[in-house]
Amino acid sequence: MANIPDDLLYTTEHEYVRFTPDGLAVVGITDYAQGELGDIVYVELPKIGTTLGAHDVFGTVEAVKAVSELFTPVAGEAVAVNERLDKEPSLINTDPYGDGWMIRIRPTASGAQARQGLISPTEYAAHVGA
Amino acid sequence: MLEAGASGDGAGNMALDHALLRHAAATGEAVLRVYRWRRPTISFGRHQPARDVYDRERLAAAGLDVVRRPTGGRAVVHDRELTYSVVAPLCPDVDRAIRVRDLYGSINGLLVRALRRLGVPAALAAGAQRSSNRGPTAVGPTATPCFDIATEGEVVALGRKLVGSAQWREGHAVLQHGSILIDDDQHRLTAVTRAPTCPEPVATLRNLLGRAPEVSEITAALVRTLGESLPVGTRLSPLDPAREPLPELEILRAHYADERWTWGR
């Protein structure tokens, strides 16, 4: 059973977003997605400072047999990337919502506008049939 | 749809696979393509380090071209083999970035049935295994040759890897391509790499059948098996480039011929 934390927002592309008190959006892929992809062996992330539009491809993730695109859930600037994933991509499998986070975005918009297009935990659970 | 094309060069082969992927996304049509390589070519995995691992002078001396695939995984020598590719549309929202194993299993299952039709004792690997029991498995995009390790769901025969495959998912479509070994050329990687490698023995159609089947024979088995696997009412027809042009083919060819793509990492 995939873990879908209540305090996050999601995309139908299987990214999650955690809005933090400092106004940033922490982005990664969901527990469901990592389970479907299998063992993750490589992650390609953007450079810090990259401007990302909503739905832009912000990177790629390579599982043992497949490379998939990663999509930007919140438009803004990438202000941090998880450099640990360079050496330890399996953190995405073991702790997708914690040490397996991918990028931190400073959203261009604020408030409800930044959350546009994101879905609730309940909606995401329905989306993946959980 | 079916595209059984002539041999192309490395950039041309990768560009056509990628253009067909975009064709699948745009039209909703799936395509099986079977092809060979004009010259012996090493393909690197999308994220595989190459610049500090492969010696370009030795590659030239060995008569080996190089190209970097859109798909992941590790290096493959394409010479005495047959390459297949399958592109298929994905349902928006539902299928993208997931169900890798389902699709992988379906395509590899088709390969197994086609190979069995030829008399090859092909099967799907139960889990990650080296071709011989020689140390731990490594599954990342490393310098390790592709055919050294068979991961779960890959096509093996008598415990050794026979087909190496990988996927690339872009937009609303997926590409899976792979190499079916007729003879073993994978040891040629040893001569051109700076990394210490000792390739594992692989399975080949020649060893398994006692002869090297004609490419047309393998292709016919694939097409017949595919035809039997399709839902009733599904039409299998040749891809007609005149009727269905691939507008991005030349742009993609330039991309795959670009040294920055091939040797950028």
Side-chain angles (χ1 to χ4, degrees), chain A residues 2 4 10-16 27-45 47 55-73 85-93 96 102 117-119 123-130, chain B residues 18 21 25 45-49 68-74 90-105 107-108 124-125 127-128 137-142 144 146 149-155 163-178 264-265:
Chain A
I4 304 173
Y10 299 87
T11 70
T12 54
E13 314 283 4
H14 310 284
E15 284 87 18
Y16 70 81
V27 175
I29 63 168
T30 65
D31 183 44
Y32 179 83
Q34 69 77 22
E36 290 295 323
L37 287 167
D39 293 342
I40 291 167
V41 295
Y42 191 87
V43 189
E44 186 170 43
L45 297 173
K47 288 188 168 59
H55 311 299
D56 280 358
V57 174
F58 76 77
T60 54
V61 58
E62 180 169 346
V64 172
K65 296 317 300 180
V67 180
S68 300
E69 295 172 314
L70 298 164
F71 297 92
T72 309
L85 298 180
D86 217 27
K87 293 275 192 296
E88 302 174 85
S90 61
L91 288 171
I92 297 165
N93 293 115
M102 293 178 170
L118 301 176
I119 59 176
E123 289 169 316
Y124 183 68
H127 177 63
V128 300
Chain B
H18 204 153
L21 171 77
R46 184 184 190 94
H47 295 132
Q48 185 183 14
R68 187 178 290 277
R69 302 187 302 267
T71 51
R74 300 175 300 278
L90 294 173
C91 292
D93 299 343
V94 179
D95 289 347
R96 188 193 290 184
I98 61 168
R99 296 188 180 165
V100 171
R101 283 171 295 188
D102 287 357
L103 190 64
Y104 198 67
I107 295 171
N108 287 1
L124 297 179
T137 57
V139 293
T142 62
T144 310
C146 169
I149 297 165
T151 53
E152 182 180 354
E154 293 210 285
V155 180
V163 184
S165 302
Q167 289 183 8
W168 162 238
R169 292 170 172 236
E170 179 189 88
H172 295 302
V174 58
L175 158 69
Q176 177 172 322
H177 56 195
R265 60 175 76 231

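Per chain, numbering begins at 1; letters A, B, ... match sequence-line order.
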Top residue by heavy-atom pair count (under 4.5 Å) with chain B, among A:Val57, A:Thr60, A:Val128?
A:Thr60
Side chain A:Lys65, main chain B:Gln167, donor-acceptor under 3.5 Å:
no
Stepwise side chain to side chain contact (heavy atoms under 4.5 Å, CB included) test for A:Glu62 and B:Trp168
CA-CA 9 Å; A:Glu62 180 169 346; B:Trp168 162 238; over 6 Å; no
Partner of A:Val67 under side-chain contact (heavy atoms from CB on, under 4.5 Å), chosen from B:Glu170, B:His47, B:Arg69:
B:His47
